Amino acid sequence: MWKPDRQSSTPLYQQIANDLQSKIIDGVYPPGSPLPSERKLAEQFGVNRSTVVLAYSELRSLGFIESQPGSKTLVSPYKWNDEANRTPEWHRYAKSGGFLPNLPFLRRIREEVVRNSSLIDFASGKLSADLSPVQEINRILQSTEYNPGQGADNNQGFLPLREALALFLRRHRDIHTSASSILVTSGSQQSLYLITQCLLSPGDAIAVETPSFTHSLSMFQSAGLRMYRLPVDEYGVRPESIRQLHKKHRIKMLFVNPNFQNPTGTLLSSDRKKQLLETASELGLPIVEDDPLSLTAFETNVPPPIKAEDAASSTLYIGSFSKIAAAGLRIGWIVAPHSVIQRLVDAKRQMDMGFSIIPQQIAAKYIESPHFIPHIEHLRKELIRKRNRLAAALDQEMNGLVRFNLPIGGLHLWCKIIPKVNDGKLLDAALRQGAAFVPGSVYGAESGFMRLTYAHPKFEDITPGVSRLASALREVLE
Ligand SMILES: Cc1ncc(COP(=O)(O)O)c(C=O)c1O
């Protein structure tokens with residue numbers, strides 16, 4: 001039998017009220033049922049009757065019980081489950097916590113993409129469904145068996161996948177590594193997240209390309225990092241700015257996306273890659289090389305990563321399946337020194353107890369299959385076709401209104417809008433016209449730029465989509 005705790009700092013009447021309240025909520029005292037008299041309860045709990053009077057008074061004020069002076073006390077038939085009294089204030093909870101919300105422009109675009117099925121979407125930074133090797137992946141899926149004993153306790157990632165990735169990295173990225181230096185993650189986004197959470201602390205300074213990938217920008221802000229800008233021109237980031245930033249702000253890490261950068265599409269020249277690596281090695285500064293797009297190279301050979309030249313192990317290399325095969329599999333990876341991998345694996349174990357085995361099995365089989373390289377070749381050709389279609393449509397529909405460089409790889413075209421426009425107004429007008437793009441300011445650029453992802457809309461929708469954007473721009477200019 002429960003009794004109030006006389007040593008507790010909570011007053012006796014409050015303890016009794018709390019106990020009765022939970023019994024009412026749990027149905028021990030159902031709605032409309034009588035409660036014991038004040039005298040009986042006082043005896044039962046070994047307290048003064050006035051303490052029970054106070055407890056009942058508290059429950060009455062909360063609407064849990066009803067009683068008239070001199071009559072029985074009853075559990076309220078109406079108010080005992082009154083939500084206003086008992087529902088947590090979720091809106092307050094939803095505003096707290098460490099994660100900042102996504103930027104309003106991005107939420108607005110996402111809502112519209114979900115709401116309007118006829119929208120022509122140049123905003124989602126993904127491949128269209130027809131550019132994913134759907135048939136092959138389904139075939140592998142059908143022939144894949146789930147084995148409960150396999151992989152469940154391997155937080156570093158499914159070993160056959162790590163071995164397949166080591167081979168892939170040697171063949172296609174000139175990175176010589178082994179399965180033990182690779183961590184499989186849930187897309188490169190999780191790699192970036194683990195790096196910020198495990199290797200950096202709130203208040204640390206990092207240098208990021210400006211403009212750069214928006215989901216990493218909000219994540220860095222949520223992690224409390226101080227971000228300093230590395231300007232990007234048509235040949236990528238300018239390495240000479242690093243030394244000054246490092247001296248002035250004690251930069252702890254450098255984040256770059258050197259090959260067909262998201263959003264600008266720029267390719268960091270080999271000279272600059274070399275210079276970047278030399279500067280970072282001299283300063284003992286780690287580079288995070290985010291490289292999800294290099295295999296899409298259109299006109300040049302696939303550009304080598306910074307990591308391939310990295311004798312001093314300055315680079316944490318991040319890759320992903322998302323932009324070259326299937327974003328839905330959520331397969332990403334990090335190549336890093338052993339101590340870093342161990343630290344990240346330990347954190348990942350706390351975070352998600354390791355990653356689902358099925359997509360890892362599929363990715364391992366697919367990457368080793370004879371279909372993988374022909375798929376990449378097909379992907380490149382299709383991306384070139386889509387890029388050309390977008391460029392031609394822009395020339396035709398928005399001649400004199402926009403300026404852009406033709407990207408030579410990747411999924412995106414970065415477009416300067418020549419007349420002065422308000423990003424938000426243009427986005428609203430475009431969504432009304434039925435086309436979506438991402439305003440450049442989302443990536444930290446000055447206003448008046450847009451990122452157009454040619455990889456996502458269907459080929460035949462590209463020209464009509466640009467017509468809609470052109471109508472939106474004219475509407476805003478008028
Ligand atoms: C440069 C860059 N890094 C990382 C990501 C995250 O991709 P994922 O987590 O799907 O691998 C993206 C996605 O758009 C990206 O563009």
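Because only heavy atoms are used, hydrogens play no part in the values below, and waters and symmetry mates are left out as well, while side chains stay in. When a ligand or atom number is given, it counts from 1 through the structure's own listing order. Here the structure is a predicted model, which means the values were calculated and not measured.
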**Request:** Kindly assign one of parallel, tilted or perpendicular to the pair Y193 and F99, based on the angle between their ring planes and the thresholds 30° and 60°.
**Result:**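 Rings of Y193 and F99: parallel, under 30°.
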
**Request:** Just say parallel, tilted or perpendicular for the rings of F220 and F255, cut-offs at 30° and 60°.
**Result:**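 F220 vs F255 ring planes: tilted.
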
**Request:** Mark the output for R330 as yes if a heavy-atom distance to ligand 1 is under 4.0 Å, and as no if none is.
**Result:** yes

**Prompt:** Are K323 and ligand 1 in contact, using a heavy-atom cut-off of under 4.0 Å?
**Reply:** yes

**Prompt:** Do the side chain of R380 and the main chain of L295 share a donor and acceptor less than 3.5 angstrom apart?
**Reply:** yes

**Request:** List the closest protein heavy-atom neighbour of atom 10 (O) of ligand 1: residue, atom name, distance to the nearest 0.1 Å.
**Result:**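 Its nearest protein heavy-atom neighbour is S322 OG, 2.6 Å.
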
**Prompt:** Can you tell me which residue and heavy atom of the protein come closest to atom 12 (C) of ligand 1, and the distance to 0.1 Å?
**Reply:**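 It is F213 CZ, 3.3 Å.
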
**Prompt:** Can you list the atoms of ligand 1 that are under 4.0 Å from a heavy atom of N257?
**Reply:**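 The list of qualifying atoms is 1 (C).
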
**Message:** Residue-level breakdown please: for S320 versus ligand 1, do any non-hydrogen atoms fall below 4.0 Å on the side chain, on the backbone, on both, or on neither?
**Reply:** side chain

**Prompt:** Counting heavy atoms not belonging to E309, are there more than 12 under 6.0 Å from its CD?
**Reply:**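 Open: at most 12 neighbouring heavy atoms sit under 6.0 Å from CD of E309.
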
**Request:** Report, as yes or no, whether the 6.0 Å neighbourhood of atom CD on Q135 holds more than 12 heavy atoms from other residues, nucleotides or ligands.
**Result:**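 No.
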
**Message:** Nearest non-hydrogen contact with atom 2 (C) of ligand 1 belongs to which option: N259, D290, N262?
**Reply:**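 Heavy atom nearest to atom 2 (C) of ligand 1 belongs to D290.
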
**Request:** Kindly indicate whether the side chain of Y366, heavy atoms from C-beta on, has any atom under 4.5 Å from the side chain of H375.
**Result:**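 They are in contact (side-chain heavy atoms under 4.5 Å apart), so the answer is yes.
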
**Asked** Just distances here: any N/O of S188 and N/O of ligand 1 closer than 3.5 Å?
**Response**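 Yes: some nitrogen or oxygen of S188 is under 3.5 Å from one in ligand 1.
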
